[in-house]
*Asks:* 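Would you mind keeping the following structure in view while I ask a few things?
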Amino acid sequence: MAATVQLDQMPAAVYIGDGKVDVQERPVPVIGPDDALVEVSHCGICGTDLHLVLEQIARPGSVLGHEWSGTIAQLGDNVKGWRVGDRVVANATPGCGHCRACNKGRPSVCLNRPTPDFMSGTGAYTRYKVVEKQRLLSIPDSLGTREAALAEPTSIAIHSVNLSGVTPDDRVLVTGGGPVGLLTIAVLRTRGVTDITVSEPSAVRRERALAVGASHGITPDELQPAQMGIPVEHPFTMIFECSGKAAAAEMALDQLDYAGVFMFVGTGHDLPRINHNRSIIFEHTLLFSFNYDADGFVSALELLASGDLPLEHLIEADDVPLDGLMATMQRLGAGELPGKVLVVPEVAQ
Ligand SMILES: [Zn+2]
Ligand SMILES: [Zn+2]
């Protein structure tokens, strides 16, 4: 017997066009026999959400938000092994299992993957979400439901760190001390990497990067442009470009040592120019990371539950109601907030 949800309307933060989000009433979605209805507990604000809203890319009428955790409120008749009240996240959509990318163990770039939630307008800046049963993933007992909202961005950081092949003796530069940069630093620390410099213009973000495990914090103008044929005075062996800024990527590449590895993580509008001649002479390796490892969010939940991540510094202390989302997005866009901001599906006013 499926339990019944009494509410038929729920508040949602809806993209209304012109770079704006507003709270509207939406019908509570109806589940099919193979679905669960999940009550959203918390949903993080992602850089992707900022791009989609502030740069007016989202489709008006969309509800964004893909970094969420919650509890099961209702079960379809074919959903076995789960109960109302179970704490869950929705795992990454599995790859098709047979395309070129899946055959290489890279389901993140499956050629047949469905359009992500945040484009189809059924995101989690609202109270209830429909989740297909095969995507339900239990939150470990030792991890709070609120903190489990970090599963998605943590999976992103784990994926780029794994693809990079970083080792504890690497001298690492992270450009950008926002939520992605901070999580990257924290994951690097769990791999025994200790020499981590963050380059970030905002003082509050630099400080937070030190709190989550960076060994040095510098402003971008402290980095010296390279000359042809010789490394800078203190080159890095591994670089994670997490800012998505073209100028940051170009300056970062100048800092890379012989045989160094450069990982592009941050996306952005302006395209960096790469001095291929210099990178050829140095035998640089340029890598790019998108989404998650083949195990989806499983290792991220384990890492979050392990207690090895400084969650109090990675997550901003104050959660934001749906009607506070717009103002918070503007503050994040301006670089005022270093950590991950979580939205709760409530309306303050
Ligand atoms: Zn995200
Ligand atoms: Zn595939």
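Indexing begins at 1, ligand by ligand and atom by atom, following the structure's order. Model, not experiment: these values are computed from the prediction.
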*Asks:* For H313 and R208, work out which heavy atoms get closest and say how close.
*Replies:*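 Smallest heavy-atom distance, with atoms named: O-NH1, 2.7 Å.
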*Asks:* What is the ring orientation for Y258 with F282, classed by angle as parallel under 30°, tilted 30 to 60°, or perpendicular over 60°?
*Replies:* parallel
*Asks:* By atom name, which N, O or S atom of E67 is the nearest to the Zn ion (ligand 1)?
*Replies:*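 Atom name of the closest N, O or S in E67: OE2.
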*Asks:* I need the minimum non-hydrogen distance between I31 and L75, along with the two atoms involved.
*Replies:*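 Shortest heavy-atom contact: CD1-C, 3.6 Å.
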*Asks:* Can you tell me if D49 has an N, O or S atom under 2.8 Å away from the Zn ion (ligand 1)?
*Replies:*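 False for D49.
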*Asks:* Tell me whether C99 has at least one N, O or S atom under 2.8 Å from the Zn ion (ligand 2).
*Replies:* yes
*Asks:* Let me know which of E67, E316, E147 forms a salt bridge (charged side-chain N to carboxylate O under 4.0 Å, His left out) with K340.
*Replies:*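 Among the candidates, only E67 passes.
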*Asks:* Closest N/O/S atom of H66 to the Zn ion (ligand 1), by atom name?
*Replies:*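 In H66, the N, O or S atom with the shortest distance to the Zn ion (ligand 1) is NE2.
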*Asks:* Give a rough value, rounded to 10 degrees, for the angle at the Zn ion (ligand 2) between atoms SG of C96 and SG of C110.
*Replies:*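 If I round to 10°, I get 100°.
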*Asks:* Does a side-chain heavy-atom distance below 4.5 Å link N112 with H98?
*Replies:*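 A side-chain contact exists here, since the closest heavy-atom pair is under 4.5 Å.
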